**Q** 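Okay, here's the structure, questions in a sec.
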Amino acid sequence: MSGGREGAGSDRPNGGTYTLLVELAAPATVEVGALGEHRFEAGTYAYTGSALGTGGFSRVDRHRRTARGEHDVRHWHVDHLLGHPDARIDRVVRSVGADAECEVADRLPAGPVDGFGASDCDCGSHLAAAGEGGSLDEFAAVVREAHEDAVTGTGGSVDVVAGSAEGVDGAVGDASATR
């Protein structure tokens, strides 16, 4: 593992680590805060973050609102990508009760933007790209496997929940697994 965050607790049952599976319908040039302007090709991306604070996974709800165009504040790098009108969150893979952000990010393909989402750790990027020809479902399986591997032995569980469509809050199918 290349990264690691200091001081984040992993014993919060309402939080943990999440990966947003983002579909970008068309190529886009996006100003990503201090990282500057970057070109994103149409395709599928995976952004991994942590939800370990008092609000837990409510951070994911904020990301959903940004992707739906209901929230204009751009605080994190991913906000800039999600704020583009051609971006939507397809689904979210979560490691509930586990502080595994860097471990998950390290298990995913190299990111298209160095430093994306990784300004407070040693990781190269917390944004991964599916690459040409990869389907969303295949990439989602890779992301889920990264979460499952990262939480092995931690007591955390992995689930998949809906993305940025209106009125989403529940799990997607029977997608729970405990490691």
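Keep in mind that this is a model prediction, so the values were computed, not measured. All residue numbers refer to positions in the sequence shown, counting from 1.
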**Q** Please determine whether a side-chain nitrogen of the Lys or Arg among Asp90 and Arg88 lies less than 4.0 Å from a carboxylate oxygen of the Asp or Glu.
**A** yes
**Q** Please confirm whether His63 and Tyr18 have ring centers closer than 6.0 angstrom.
**A** yes
**Q** Would you tell me whether His77 and Tyr47 have side-chain atoms, one donor and one acceptor, within less than 3.5 Å of each other?
**A** no
**Q** Closest approach of Ala105 and His126, non-hydrogen atoms and distance?
**A** CB-CD2, 3.8 Å
**Q** Compare all side-chain heavy atoms of Val161 with those of Phe57 and state whether any distance is below 4.5 angstrom.
**A** no
**Q** With the threshold set at 4.0 Å, does a side-chain nitrogen-carboxylate oxygen contact exist between Arg107 and Glu103?
**A** no
**Q** Assess the residue pair Val30 and His38 against the criterion (side chain to side chain contact (heavy atoms under 4.5 Å, CB included)); give the C-alpha distance rounded to whole Å, side-chain angles, the decisive distance to 0.1 Å, and a yes or no.
**A** CA-CA 5 Å; Val30 178; His38 290 274; 5.9 Å; no
**Q** With no hydrogens and no angle check, is any side-chain donor or acceptor of Arg64 less than 3.5 Å from a backbone partner on Gly163?
**A** yes
**Q** Do Glu31 and His80 have a side chain donor and acceptor closer than 3.5 Å?
**A** no
**Q** Nearest heavy-atom pair of Thr154 and Ala98: which atoms, and what distance?
**A** OG1-CB, 4.1 Å
**Q** I need the Ile89 CD1 to Thr19 OG1 distance, nearest 0.5 Å.
**A** 11.5 Å
**Q** Measure across Gly83 and Thr66 and return the closest heavy-atom pair with its distance rounded to 0.1 Å.
**A** N-CG2, 3.9 Å
**Q** Ala100 and Ala150: which non-hydrogen atoms are nearest, and at how many Å?
**A** CB-CB, 3.9 Å
**Q** Can you see which heavy atom on Ser50 is nearest to which on Arg59, and at what distance?
**A** O-NH1, 3.0 Å
**Q** If you define the side chain from C-beta out and look only at heavy atoms, does anything of Thr48 sit under 4.5 Å from Thr17?
**A** yes
**Q** How many angstroms lie between atom CG of Asp72 and atom CG of Asp79, to the nearest 0.5 angstrom?
**A** 10.5 Å
**Q** Kindly compute the distance separating CG (Asp99) from CG (Leu52), expressed to the nearest 0.5 Å.
**A** 5.0 Å
**Q** What's the separation between atom CG in Leu82 and atom CZ in Arg74, rounded to the nearest 0.5 Å?
**A** 8.0 Å
**Q** Tell me, do Leu21 and Thr44 make a side-chain contact under 4.5 Å, heavy atoms counted?
**A** yes
**Q** Could you check whether any side-chain heavy atom of Pro112 comes within less than 4.5 Å of a side-chain heavy atom of Glu41, counting everything from C-beta outward?
**A** no
**Q** Step through the shown structure and confirm whether more than 12 heavy atoms of other residues, nucleotides or ligands are within 6.0 Å of CD on Glu37.
**A** yes
**Q** Which atoms form the tightest heavy-atom contact between Ala42 and Ala25, and what is the distance?
**A** CB-O, 3.8 Å
**Q** Taking atom CZ of Arg144 and atom CG of Asp159, what is their separation to the nearest 0.5 Å?
**A** 8.0 Å
**Q** Using the side chain to side chain contact (heavy atoms under 4.5 Å, CB included) definition, which of the options Val143, Val104, Val142 pairs with Val93?
**A** Val143
**Q** Group every Ile, Leu, Val, Met, Phe, Trp and Tyr by side-chain heavy-atom contacts under 4.5 Å, then state whether Leu20 and Leu35 land in the same group.
**A** yes
**Q** Could you go through the side chain to side chain donor-acceptor pair (under 3.5 Å) check for Ser95 and His147 one step at a time?
**A** CA-CA 6 Å; Ser95 292; His147 275 263; 2.6 Å; yes
**Q** When Tyr45 is tested against each of Phe40, Phe139, Phe116 for ring-ring contact (aromatic ring centres under 6.0 Å, His included), which residue passes?
**A** Phe40
**Q** Using 0.5 Å steps for rounding, measure from the CG atom of Leu108 to the SG atom of Cys123.
**A** 10.5 Å
